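Report on one structure; see the data block that follows.
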Amino acid sequence: MLVKPQRFIALGAIATSAALLLSACSGGGTDDKKDDSASSLTVWVDAERIDALKAAAADYTTESGVKVNLVSKDVSTTKDDFLQQAPTGKGPDIIMGAHDWAGELVTNGVISPIELGDKAADFSDVALRAATYEGKVYQLPYAVENIAILRNTALAAETTPATWDDMIAAGKAAGTKYPFVVEQKADGDPYHLAPFAASFGASIFGVDADGGYDPNNLILGDAEGVAFAQWLSKVGAEGIISPEIDGDIAKQAFLDGESPYWLTGPWNVSAATDAGITVAVDPIPSAGGQPANPFAGVKGFYINSESKNAVAANDFLVNYLGTNEVQKELAAVGSVLPALTEAATEAGADPIIAGFTAAGKNAIPMPAVPAMGAVWQYWGIAETEILNGSEPVARWAKLASDVQAAIDADKK
Amino acid sequence: MNTHQPDTEHPDSAAASAPEPERKKSVQLRRMAEQAGGGIGPLILKIVLLGLFDALGVFAVLLIVQAQNWFMLVVVAAIIVFFNWVYLRPGATPAKYLAPGFAFLIIFQLFVVVYTGYIGFTNYGTGHNGSKDQAISSLLASGQERVEDSASYPVTVLQQGDTLGLLVTEADGTVKYGDAEHPLDEVNDAEMDGDTATGRPGFDTLTFADILTVQDTLTELAVPLSDDPNDGSLRTSDGRQAFVYVSNLVYDEEADTLTNTETGVVYTASAEGTFQSENGKNLYPGWNVTVGFDNFAKAIGEESIRGPLLSVTVWTFVFAVISVATTFFLGLFMAIVFNNDRMRGRKMYRALVILPYAFPAFLSAMIWAGLLSKSYGFINQVLFFGAEIPWLTDPMLAKFSVLAVNLWLGFPYMFLVTMGALQSIPDELQEAATVDGARPWQIFRLIKLPLLLVSVTPLLIASFAFNFNNFNIIYMLTGGGPRFEDADANIGATDILISMVYKVAFTGQTRDYGLASVFSILIFIIVTIVTVISFKRTKALEDIN
Amino acid sequence: MTTTLNPETPVARPAVAPRSARSRRLRRLWRDTGWRHLVGIAVVIYAIFPILYVLSAAFNPNGTLTGSNALFSEVGFDSFARILNNPDQPFAAWFANTVIIGGVTALLTVFLGAMAAYAFSRMRFSGRRMGLLTLLLVQMFPQLLAVVAIFLLMSSIGDIFPALGLNTKTGLIMVYMGGALGVNTYLMYGFFNTIPVSIDEAAKIDGAGHTRIFFTIILRLVLPILVVVGLLAFITSTNEYVIASVMLTDPENKTLAVGLYQLVSNPRYADWSAFSAGAVMSALPVVIIFVALQKYIVGGLTAGSVK
């Protein structure tokens, strides 16, 4: 067949110019509407929580006249993007983020302190402690999260046993493919194993007088830590906890009724209920005799230190998102435990939220020191290697020295 | 792009051994050539386009002058003048064709290179993220300490002229007013709403909407409680409530020092871009400064990459070369297989083969990681009947897996390219050779491949460079693992140079952009040397035709 | 996976021919196209079986991506409805953005690239070799810090021309134009070199200027490679994530790559089935365009005219 290239090229030229015109128009159009920045706030929000905030943001606009422009961001790049953009003055006014970002954000001078005033007393202890970095509040806490045992009531009617061995026995008795699942990945997931470490009395840092972690007191390599490492080696050999079981496999196993117990967080509850599974939430069984306390993670909001709308930003966070009414509303939409005590008590009427609260009763916030990034990494790799059969005692000692080196390097 | 020879000289390379076109075809081409003579249309089009460009250019210049960005003015003016010069003067034909593309190239790609080079000479990174002013204001803000157990004051913001002040109602009903210059003092003329003071004659009471227009001034406003600075001052962050703060840090502009008023320690601005005390303690945030060749020294002296450097470099070359070779040959092979008019369904085959390229690469990498999972992956479970083959956790197999997945991701590209490039090989050549009794393999190796290589060799070199820096596939599939057991940093068997560098410069929460850009430059030098050498050797290839 | 059975397969025909002739024909058929089908099927399986996971996840209303090897255990269209009807994820707008950005980028890339390739192939000037080498070398620079640089550049351009700055399609297209030359130009340059110069000369004798030769002769003869380059540019820009994610922040301005990635960026909340449904739909333009343009690639003027 013979092509008619002239027509083809002419068409291309027309299409190009039309499309250019189109894109130029639409480009110009979007810019017009957001120029009155004097009374608008740009807020970066995790993509999966933007729904919960939509109504609250709209209400605040009606109430105060300040337009709130919610931008959904990919949680894994939010922090780096913010660090790059904030110093240019082009960053958002507010970002949503985990409490353990505070150390890095403060070191880079991109966030400003938030004065909670008398409201501080209304926040739960764990939330307030998490929001505080080096004696100052930098984050307005919004939700407290921790992991717990999700139980498929059709497979295990009884409350989850209080010890690991009993739970595994009960899980095996249920006759499913797995007695219990917890997600891991190739380079480890210490967050999900931390409760078991805690049940041996093992931790990364010692606890200071206020009950928070003391980054100057590394106790990772102590006898309790080694005991945990040996336990890990044992369950790894038994194949109960495996680095091969990633988030997807663990989730699918539970959804398919292949495991009665799943150690996970509130974020996975809706997936289970959507799949038609009746779930109950129980505290985490102890493997080493002491309580198996998970880490607490606190989600909240930070204010850009270069924000040109600092007053509006403070007002939106402290006087609006920090009120019981709004936090209750947010809890209802996002099924999370509010950071305000009163709202939390009310939300606690929900058995699922109550279950997570009970499991995280003594949860301590993850440390926020900048060196934590390196700590997580080394910790995860060491645990994976032990699960895969490395000699636990020596491997754990190497972990302790790696982490110490990372922290020392950070102090320089 | 300077020119001194207009287009009178003919490219010898293309003319040298052009195949004698068939008679019918040459008649057709001659007809095309006849159609191509003369015409005023293009000239008008050119003038219209240039006029449009100039109009936009003038508009842009006006906007830039308004914004007083003189550097950009120079750049934009230079571009406008250059384009007019190129297109209005006779001759300089190559420049007419090259100018638009190179303009974009220079603005958007060379800028990245230059910027990266510049960063290499600064300490930009964690703790040195912004300017000195930003660091000072941030330090001063966190130096504001709320006075313990002090009350909170409901406040009303008043304005008189340009001065903002705070009207305070204390718990016992006393009403006080003060501004930045005047400490809080009792006032008697306040307008009251119940127990709360809401205004004062001669002052404007600011509503929340008014406050939003003066946010910068209000957040700076500190109203002293009394004449004694140690009593602290009132500040408000939302225009509704104020608290008493004392400042822990005082900045002395003359001496360029910060003084901690509690401990008396003086922090002096240092050459490293931080405020530093005498015993070497730094205050963070600092700011970014140029540090000369420090980053180069750091990169060369970096201990953690010493051990694995050799094996990582070797693997990087192996990975890049094998990736190019496998994707090219599979792509080419498929292009040839489907290049047969008698083959039914070849259009559908082609469309299906292109699919891996149509899906987002990060998605494909995630799926492959799942497929290759040791105990649960499809490949082990279904294809190998449940054997636990450690595809991603054994060093050798992980390397193999990375190559296999990269082949999957890359061959459709080569398929497309070679499919197009094969069209430049005249069918007559093949037909002639077939008549002469040459076997298909001989035809391919002796005739098609050399001709094809003329057009695709530069592409193979570019593909080599791309894979040399193919951070994404490594990062998404194995994260560089399995880790070398003896390495200090988290470096593993499938790490290539760029992913190793990433891990060293961006460990945990520490981002060292200065170090990263120096590594970028060093890697660039390596790739450039390899490229220039291979490019020199292609000169011979270029002239075959 | 579907494959068409070749209707010419002799098995499907009544065996009327004598035995020896039949086996000879079989052998010829095998040597001619039979082996091609075999190879084609094998490679198609290799190419599409990971994609089956995406399809399976897309049709499974609440599935994970790789959690199970039981493909297509459940089939429904919930996830398609979910991704199309969520006002926070304006999928249709993303789709339109992607097609506009990809389309304009592709057309401009072809145009700018072809112009440059023409100059490099047909003209000799000082700095030619240098220019070619520069094109190649710029591509090799590790782009580790590109995003930081481009964000700075675009934010200062946007200060003065909001219509070209961050969060605009035009701005993003301009950034993509930075890569319009480079590899693509090389591809076209190589192809241009195979067009005999005698054609240019004939036209020149007839009084045609370089513009006319370029537009009316050269561009027609190199159509296959123009289509290939256009397709490559289209695919590259539609799959580009890093720069687009930093430049386009408003939900309605995003491209598919950015919007979809954010659906699964937090693995804890990831909605894989909606994501997969979106990915399947987002692959459609590429496939449709490829199918539509295929004939221009393999049946270009050169090949067509001789037959």
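We use all heavy atoms of the structure for the numbers below, so side chains are in, but hydrogens, waters and symmetry mates are not. We name chains A, B, ... by the order of the sequence lines, and we start the count at 1 in each one. Only a predicted model underlies this, so the values are computations on that prediction, with no experimental measurement involved.
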What option among B:Ala516, B:Ala60, B:Ser364 has the most heavy-atom pairs under 4.5 Å with chain C?
B:Ala60

Partner chain B: residue of C:Val291, C:Val54, C:Thr109 with the largest heavy-atom pair count (under 4.5 Å):
C:Val54

Out of B:Leu363, B:Val527, B:Ile498, B:Ile523, which one racks up the most heavy-atom pairs below 4.5 Å with chain C?
B:Leu363

Would you call the rings of B:Tyr349 and C:His37 parallel, tilted or perpendicular if under 30° counts as parallel and over 60° as perpendicular?
tilted

Would you check if B:Met334 and C:Val39 make a side-chain contact, meaning some heavy-atom pair closer than 4.5 Å?
yes

Honestly, the part of C:Phe49 sitting under 4.5 Å from a heavy atom of chain B is side chain

Mind checking whether B:Val337 and C:Trp35 have side chains closer than 4.5 Å, heavy atoms only?
yes

If I compare all heavy atoms of B:Ile336 with all of C:Arg36, which pair ends up nearest, and what's the gap?
O-NH1, 3.0 Å

Please tabulate, one pair per line, all N/O donor-acceptor pairs under 3.5 Å involving side-chain atoms of residues 133-147 of chain C, not counting sequence neighbours.
residue	atom	partner	partner atom	Å
C:Thr134	OG1	C:Met130	O	2.6
C:Gln139	NE2	C:Leu135	O	3.4
C:Gln143	NE2	C:Phe141	O	3.1

What class does the angle between the rings of C:Phe214 and B:Tyr97 fall in, given that below 30° is parallel, 30 to 60° is tilted and above 60° is perpendicular?
perpendicular

With a 4.5 Å heavy-atom cut-off, do C:Pro50 and B:Trp408 have their side chains touching?
yes

Chain C shares the most heavy-atom pairs under 4.5 Å, among B:Arg346, B:Arg350, B:Met419, B:Lys347, with B:Arg350

Chain C: which of B:Phe471, B:Phe338, B:Phe411, B:Phe468 shares the most heavy-atom pairs with it under 4.5 Å?
B:Phe411

Are any of the side-chain heavy atoms of B:Phe466 and C:Val183 separated by less than 4.5 Å?
no

Which atom pair, heavy atoms only, marks the closest approach of B:Pro100 to C:Met115?
CG-CE, 3.6 Å

Could you tell me which residues satisfy side-chain contact (heavy atoms from CB on, under 4.5 Å) with B:Ile354, sequence neighbours excluded, listed by chain and number?
B:Phe415, B:Leu416, C:Phe290

Between B:Tyr413, B:Phe59, B:Phe519, B:Phe464, who has the most heavy-atom pairs with chain C when the cutoff is under 4.5 Å?
B:Tyr413

What is the minimum heavy-atom distance between C:Ala119 and B:Pro94, and which atoms define it?
CB-O, 4.0 Å

For C:Val287, which atoms come within 4.5 Å of any heavy atom of chain B: side chain, backbone, both, or neither?
side chain

Can you list the steps and then say if C:Tyr46 with B:Leu407 is a side-chain contact (heavy atoms from CB on, under 4.5 Å)?
CA-CA 11 Å; C:Tyr46 171 60; B:Leu407 171 63; 3.6 Å; yes

Which bit of C:Leu152 comes within less than 4.5 Å of chain B, counting heavy atoms only: side chain, backbone, both or neither?
side chain

Do the non-hydrogen side-chain atoms of B:Phe108 and C:Ile150 ever get within less than 4.5 Å of each other?
no

So, do B:Leu371 and C:Tyr53 sit near enough that their side-chain heavy atoms are less than 4.5 Å apart?
yes

Quick one: closest heavy-atom pair of C:Asn239 and B:Phe359, and the distance?
ND2-O, 3.8 Å

Does the side chain of B:Asn69 come within less than 4.5 Å of C:Asp159's, by heavy atoms?
no

side-chain contact (heavy atoms from CB on, under 4.5 Å) between B:Met72 and C:Ile157: does it pass, once the steps are laid out?
CA-CA 9 Å; B:Met72 204 185 275; C:Ile157 289 180; 4.3 Å; yes

Hey, are the side chains of C:Phe125 and B:Leu98 touching, using non-hydrogen atoms and a 4.5 Å cut-off?
yes

